[in-house]
2 protein chains.
Amino acid sequence: MTENCSCTNCKDQLCMHKVPIFSSLDREQLDKIIELIQRRSYEKGETILFEGDLMDSVTIISGGSAKAYKNTSNGREQILYVFSEGDFFGEQNLFGDETATYSVEALEDVKTCNLSRKQFQQLIYSFPHIAVKIIDELGERMTRLENALQSIGVRNVDNRIGSILIEFARKYGIRDGSNTIIHLPLSREGIANYLGVARETVSRKFSQMENEGLILSISNKEILIPDMGKIEDIAFN
Amino acid sequence: MTENCSCTNCKDQLCMHKVPIFSSLDREQLDKIIELIQRRSYEKGETILFEGDLMDSVTIISGGSAKAYKNTSNGREQILYVFSEGDFFGEQNLFGDETATYSVEALEDVKTCNLSRKQFQQLIYSFPHIAVKIIDELGERMTRLENALQSIGVRNVDNRIGSILIEFARKYGIRDGSNTIIHLPLSREGIANYLGVARETVSRKFSQMENEGLILSISNKEILIPDMGKIEDIAFN
DNA sequence: CGGACCATTGATAATTGTCAAAATTCGTGG
DNA sequence: CCACGAATTTTGACAATTATCAATGGTCCG
C-alpha cells in the first residue's frame, strides 16, 4: 500500500484506479477528473445518504464498506446492497433532479470520492467509454438484484443462507487449504435484513449448520467453512 | 392508428418512436437506424428468449406484452418484469458475450424490433445521448427492482397485492369516474409468481378483497376497483 | 471488570404453502 | 349462439415454515 504518500494527486489517483468505470481513461484524462473530485470520510455507523434526500452527487467508495437499504413505515429494513471499494451510487438520479431511493450507512469507517452530478454528466458526454462502463456495471448490478429477487421470492431460507455465504466468501473470504474463512460484513440482524427473514431465524439456521459441521463460528463476525462444496449443495438444493 | 400504412419505413418509424431511448434523435439519425432494424413477431405463449441462451441482439418491444422470469431447478418461476410497448431487453449483455439471465415469454402476440449487439454498440458510441437515455432507463428499472425486493422481503402479502394493483392500474388501467378498470396482464398464477407467493394465496386474497368491496372481478383478466384510495391504504398499511 | 450490545434458544402463534376437489371461465367447433 | 371440454380458478382442510415474544447467554470495548 502506498497510502502513505499524502500528496493530493497520489491519493486521488488511488481512488480513481479503484473504480472500474474510470479504468478505460488514460493519464491525461484522469488528471482532468482528479481536479473535480471531492473526498469525504465517514465513521462506522454514520449515515452517508438518507432515503428521500435530494441527490446532488455521485459517490464512489474508495475504502471501507457500507449497506444500502430501504425502510418501511413500520420500521423494517431491507438491505439492497453491500457496497465496498470501487462501488458507486447516486447514478440513478443522474438526469432528473430526483431523490435518493435508499439510505446508505457505513458498516466500517468509509472513505469516498464525490463528483457533482453536473460534472459526472459532462464526463459521460466527453468520454463515451465511461457511459459504456456504467451501462456494464449497472447491468451487472441488475443481474445481482434479479437473482436476489428470485432468491427471496421462490427459494427457501436454507437456499438463501447458502447463497449469501457463497457471495460473502467470494467478496470477503480467505482460502486456507480447503477451509474458507469469511469476515462477515453484516451482523446477524444485517444478514436477516438482507435475506428478508427474522433475526432469530438466521441464528437458528446458523446453529443448525454448525451442528451439522457445515460452518464453524469463530466470532460473531467471522466464520470458517470447511467445505464450500457442501454450502453450494445447500444453496442450490 | 396508422398501422395500415404498410411501407417498411412507416412501420419501422412507428417502432422507433415508441422507444424512449431513441427519442432524442432527429429524422436523419433515425433513418440510419431504421435500416439496421430487424422486425420479428411472436404468438402468445411463445418464448422470445431462453435463460442461458447466448445473446446476440437487443430486443425492443413494439407491440404486445411479455413476461421476463427465472426458473429454479425445482420448477418454480419468479417473474422479474412485465414488459410492454417501448421496453427493451438484452442490453445487460451488451459488452461481454454473455448469456441471458432470464427467459422472456409473450403474454399476448408480440412484435419486436431487433438490433444486433454490434450495431447497438456502434449506436451508443455515435450518439452519446442514447447512452444517457439507457442509463436513465436502467436506473428506473433498478429502482423498480429495488422496490420489488423490499416488497417481497419485508412486506406482507396484502401490501404486495395492493402494490401490484397500483402498478397495473397505472400501466393498464382505464379510469371511469371514480372507478378504475384494470386489464390484468397476468393470470392468477402469474401474479403469484410475480409476488413470490402461492397461486392459491392470490385467489384467497382476491376473494377476501372482493367480499370487502375493494375489488370487483369482471372476468379472470379484468377487475374493477371502485376506490383506488383504499387499495393504496392496503399497499402502504 | 462492567455494562451495553448482540446473539441464541425456547415456546407459541400466525401466516402461508400444499394437496385435493369442486366450481368457474374460456375458447373452439358445431 | 350455444355447448362442450380443457384450462384456470376457487375453496377447504391440513401441514410446514417462519415470525414473534420473552428470557438467557455471550461478546466486545472502554
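Below, read A as the first sequence line, B as the second, and so on, with proteins coming before strands; counting in each chain starts at 1. As a basis for the values below, the full set of heavy atoms in this structure was taken, side chains included, without hydrogen atoms, waters or symmetry mates.
Contacts between residues 149-165 of chain B and DNA chain C, defined by a heavy-atom separation below 4.0 Å, involve B:Val157, listed by number. Within residues 217-224 of chain B, the residues that have a heavy atom under 4.0 Å from DNA chain C are, in order of number, B:Ser219, B:Asn220. Of the residues in residues 66-82 of chain B, not one places a heavy atom less than 4.0 Å from an atom of DNA chain D. Of the residues in residues 181-198 of chain A, those lying under 4.0 Å from DNA chain C by heavy-atom distance are A:Ser187, A:Arg188, A:Glu189.
Electrostatic pairing of A:Arg188 and A:Glu200 does not count as a salt bridge here, judged by no charged N lying under 4.0 Å from a carboxylate O. With respect to the salt-bridge test (charged N to carboxylate O, under 4.0 angstrom), the residues B:Lys44 and B:Glu108 do not qualify.
The main-chain N or O of B:Gly190 is found under 3.5 Å from a side-chain atom of B:Ser187 such that the two form a donor-acceptor pair. Counting only distance, with no hydrogens or angles, the side chain of B:Gln78 and the backbone of B:Asn193 share a donor-acceptor pair below 3.5 Å.
Looking only at side-chain heavy atoms (C-beta outward), B:Leu145 and B:Leu149 stay at 4.5 Å or farther from each other. A heavy-atom distance below 4.5 Å is found between the side chains of B:Leu49 and B:Phe89. Residues B:Ile48 and B:Arg40 form no side-chain contact, since every pair of their non-hydrogen atoms from C-beta on lies 4.5 Å or further apart.
Atoms OG1 and CE, from B:Thr59 and B:Met55 in turn, are 6.0 Å apart once rounded to the nearest 0.5 Å. In this structure, CD in B:Glu91 is found 10.5 Å from CD1 in B:Ile60, a value given to the nearest 0.5 Å. A distance of 9.5 Å separates CD in A:Glu137 from CD1 in A:Ile134, rounded to the nearest 0.5 Å. Between the CD1 atom in A:Ile152 and the CG atom in A:Asn147 there is a gap of 11.5 Å [rounded to 0.5 Å]. For the atom pair A:Asn74 CG and A:Thr72 OG1, the distance stands at 4.0 Å (nearest 0.5 Å).
For A:Tyr102, the side-chain hydrogen bond (donor to acceptor under 3.5 Å, both in side chains) test picks out no residue, with sequence neighbours left out. Remark: A:Asp158 engages A:Lys205 in a side-chain hydrogen bond (donor to acceptor under 3.5 Å, both in side chains) (not counting sequence neighbours). Taking A:Ser203 as the reference, nothing meets the side-chain hydrogen bond (donor to acceptor under 3.5 Å, both in side chains) condition, with sequence neighbours excluded.
Terminal axes of the helix from C:dC1-D:dG30 to C:dG30-D:dC1 (five pairs each, C1' rotation axis) are separated by 50°, to the nearest 10°.
A:Tyr81 does not carry A:Arg144 over the face of its six-membered ring by the limits of under 6.0 Å from the centre and within 45° of the normal.
B:Gly196 and B:Arg160 make their closest contact through O-NH1, 4.0 Å (heavy atoms, listed as atom of the first residue, atom of the second, distance). The minimum heavy-atom distance between A:Glu51 and A:Lys70, with the atom names listed, is OE1-CA, 3.6 Å.
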Please set out all donor-acceptor pairs under 3.5 angstrom arising from side-chain atoms of residues 161-182 of chain B, sequence neighbours excluded.
from, atom 1, to, atom 2, distance (Å)
B:Ser163, OG, B:Arg155, NH1, 3.1
B:Ser163, OG, B:Arg155, NH2, 3.1
B:Ser163, OG, B:Asn159, O, 3.4
B:Glu167, OE2, B:Tyr194, OH, 2.9
B:Lys171, NZ, B:Val82, O, 2.9
B:Arg175, NH2, B:Gly177, O, 2.7

Please tabulate, one pair per line, all N/O donor-acceptor pairs under 3.5 Å involving side-chain atoms of residues 210-224 of chain A, not counting sequence neighbours.
from, atom 1, to, atom 2, distance (Å)
A:Glu210, OE2, A:Ser217, N, 2.9
A:Ser219, OG, A:Lys221, N, 3.3
A:Ser219, OG, A:Glu222, N, 3.4

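For DNA chain D, the span of nucleotides reached by chain A at under 4.0 Å from its heavy atoms goes, 5' to 3', from D:dT18 to D:dC28.
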Set out, line by line, the N/O atom pairs under 3.5 Å between protein and nucleotides 9-14 of chain C.
from, atom 1, to, atom 2, distance (Å)
C:dT9, OP2, A:Ser207, OG, 2.3
C:dG10, N7, A:Arg204, NH1, 2.9
C:dG10, O6, A:Arg204, NH2, 3.4

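C:dC5 atom C1' lies 11 Å from atom NZ of A:Lys44, rounded to whole Å.
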